Amino acid sequence: MPELPEVETIRTELLPRVLGQQFVEINILDSKLLQGLPSTELQRVVGKSVQRLERRGKYLIFHLSTDKSLIIHLRMTGNLTVNPEIGKYSRAFFLLSNCTTLVFNDKRRLGVIYLVENTESIVGKLGVEPLSEFFTQDVFIKLMRKHHIPIKTALLDQNIIAGIGNMYADESLFDAGIHPLVLTSTLSRQDFRSLFHSIRSVLSAAVNNKGASIDTYVRPDGELGSAQFYFKVAHRKGQPCYICGTPIQRLMLRGRGSYFCPRCQPQ
DNA sequence: CTTGGGACCTGGCTGC
DNA sequence: TGCAGCCAGGTCCCAA
């Protein structure tokens, strides 16, 4: 699933292909993508160029040479590729002035495209960027201590920290040796310090590995990411923990599967 | 404030 | 071989 490392990889690899380029042609194959925005509105982007490509949480923001910005969220199964064939799951494609074709593919049709004047109307509620300078130990501890909820629920709340999804929440908690159900209010300062460093190292390692190609995620050029090869708990139910050999378990938390080692992450 | 559930969505899997 | 039923999880929404 596209989480922060996947969206960041897409951003950096797309950047040289789209920066400064004009939209020449826009084709929406699945109008559901636009969430009710008339397709004709989106056509007004034709002739505008990409001034800046930004990631905020799991959102990708195309700042254009107009007062509107194009925002894409890939949700569960979306990806963005350049110059591929238009396939069964292609929902939209964009032709750019350098002849790059940008294709939005999405098997499960949950991905969305917004066109807005004020990007804050979409991303304004998002919490702190975990790889930014604004995310410090003290900020993290203050944010966590405001809540009394299971730590994994807190990590998944995009309005607290932006960009962590199910896979990297599990990996971070394993790295810090913290059980996903432990309440934020019962964790020690040392627990938070440890988890803070785990979040940063898990996310930055995954960015360096170009994201995790589980299910439908591919990089813009079609290549796979390799972060999945380094997963220690995510999607490893029943397999032995690399540290202690105990079989990895899975529990349900707010309708999401949570993978953890019952021995390394005691409750 | 928090929790739990449902909705969206469909490919892929299981089991009969 | 077919088909029903369930699962995957990012985000939003509603009821309790």
Side-chain angles (χ1 to χ4, degrees), chain A residues 1-11 28-37 55-61 71-80 87-92 104-114 116 119-127 129-130 142-173 180-187 203 206 211-218 225 227-228 231 233-238 248-260:
Chain A
M1 318 298 147
E3 302 181 26
L4 185 153
E6 289 73 30
V7 182
E8 181 60 22
T9 300
I10 291 169
R11 189 192 73 81
I28 302 299
L29 307 174
D30 178 6
S31 61
K32 191 189 169 296
L33 267 182
L34 302 180
Q35 303 279 291
L37 178 82
R55 179 193 57 73
R56 186 75 176 85
K58 302 170 192 170
Y59 293 83
L60 200 55
I61 308 174
I71 304 184
I72 294 180
H73 196 302
L74 300 169
R75 295 282 177 93
M76 312 285 296
T77 52
N79 66 40
L80 282 172
K88 186 179 170 189
Y89 303 118
S90 301
R91 306 293 181 202
F104 186 127
N105 305 287
D106 189 8
K107 256 188 191 175
R108 280 168 57 188
R109 303 178 68 207
L110 291 168
V112 284
I113 295 179
Y114 306 94
V116 293
T119 58
E120 290 297 292
S121 66
I122 305 296
V123 300
K125 290 171 79 173
L126 292 177
E129 283 291 328
K142 280 206 184 84
L143 286 171
M144 291 294 109
R145 293 237 161 115
K146 276 202 268 185
H147 302 272
H148 307 282
I149 56 180
I151 183 62
K152 183 168 175 192
T153 302
L155 295 184
L156 290 178
D157 188 336
Q158 302 301 298
N159 299 327
I160 303 175
I161 302 170
I164 302 176
N166 205 41
M167 300 182 301
Y168 296 111
D170 284 352
E171 290 299 311
S172 299
L173 287 168
L181 293 182
V182 173
L183 296 176
T184 49
S185 48
T186 67
L187 285 167
L203 289 178
S213 284
I214 292 211
D215 204 1
T216 58
Y217 166 74
V218 292
Q228 70 279 11
F231 282 170
V233 286
H235 300 103
R236 294 195 65 242
K237 185 187 174 188
I248 299 303
Q249 289 184 13
R250 180 173 178 270
L251 61 79
M252 293 304 283
L253 176 61
R254 296 220 56 186
R256 301 290 169 264
S258 294
Y259 299 87
F260 68 103

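Letters A, B, ... are given to chains in the order of the sequence lines, protein chains preceding strands, and every chain is numbered from 1. Being a predicted model, the structure only gives us computed values, none of them experimental.
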Between B:dT10 (C1') and A:N79 (CG): distance, integer Å:
15 Å
Rounded distance (Å) that lies between atom P of B:dT2 and atom NZ of A:K152
18 Å
Euclidean distance, atom NZ of residue A:K88 to atom C1' of B:dG11 [Å, nearest integer]
8 Å
Under the criterion side chain to side chain contact (heavy atoms under 4.5 Å, CB included), I'd like the reasoning laid out for A:T153 against A:R254: C-alpha separation, chi angles, the key distance, then a yes or no.
CA-CA 8 Å; A:T153 302; A:R254 296 220 56 186; 4.3 Å; yes
In whole angstroms, how far is the C1' atom of B:dT10 from the NZ atom of A:K32?
11 Å
Take atom P in C:dC6 and the same atom in B:dG6, then report the distance between them in whole Å.
12 Å
Pairing donors with acceptors under 3.5 angstrom, does anything connect the side chains of A:Y168 and A:E6?
yes
Consecutive-pair stems (at least three Watson-Crick or G-U pairs, under 3.5 Å) that include DNA chain B
B:2-8 with C:10-16, B:10-16 with C:2-8
With side chains defined as the heavy atoms from C-beta onward, is the minimum distance between A:F231 and A:Y259 less than 4.5 Å?
no
Is it the case that the side chains of A:S258 and A:K152 hold a donor-acceptor pair, with the cut-off being a distance below 3.5 Å and no angle test?
yes
Less than 4.0 angstrom from a charged side-chain N to a carboxylate O is my criterion; do A:E129 and A:R56 meet it?
yes
Whole-Å gap separating C1' (B:dC9) and CG (A:N105)
16 Å
When the distance from CE of A:M252 to C1' of C:dC7 is rounded to whole Å, what number comes out?
9 Å
Return the value, rounded to whole Å, for the distance between atom CG of A:L253 and atom C1' of B:dG5.
14 Å
Can you check whether A:D215 reaches A:Q228 side chain to side chain, under 4.5 Å on heavy atoms?
no
B:dG5 and C:dC7, which share atom name P, separated by this distance in whole Å:
13 Å
Rounding to 0.5 Å, atoms CG (A:L155) and CG (A:N166) come to a distance of 11.0 Å
NE2 on A:H73 to CG on A:L60, rounded to 0.5 Å:
10.5 Å
For a quick check, with a 4.0 angstrom heavy-atom cut-off, what is the B/S/- contact string for nucleotides 10-16 of chain C, read 5' to 3'?
BBS----
Residue-phosphate contact under 4.0 Å: A:K107 side-chain N/O, B:dG12 OP1/OP2:
yes
Counting distance only, does the side-chain N/O of A:Q158 pair as donor-acceptor with the main-chain N or O of A:I164 below 3.5 Å?
yes
Mind calculating the distance between CG (A:L33) and P (B:dT10) to the nearest angstrom?
12 Å
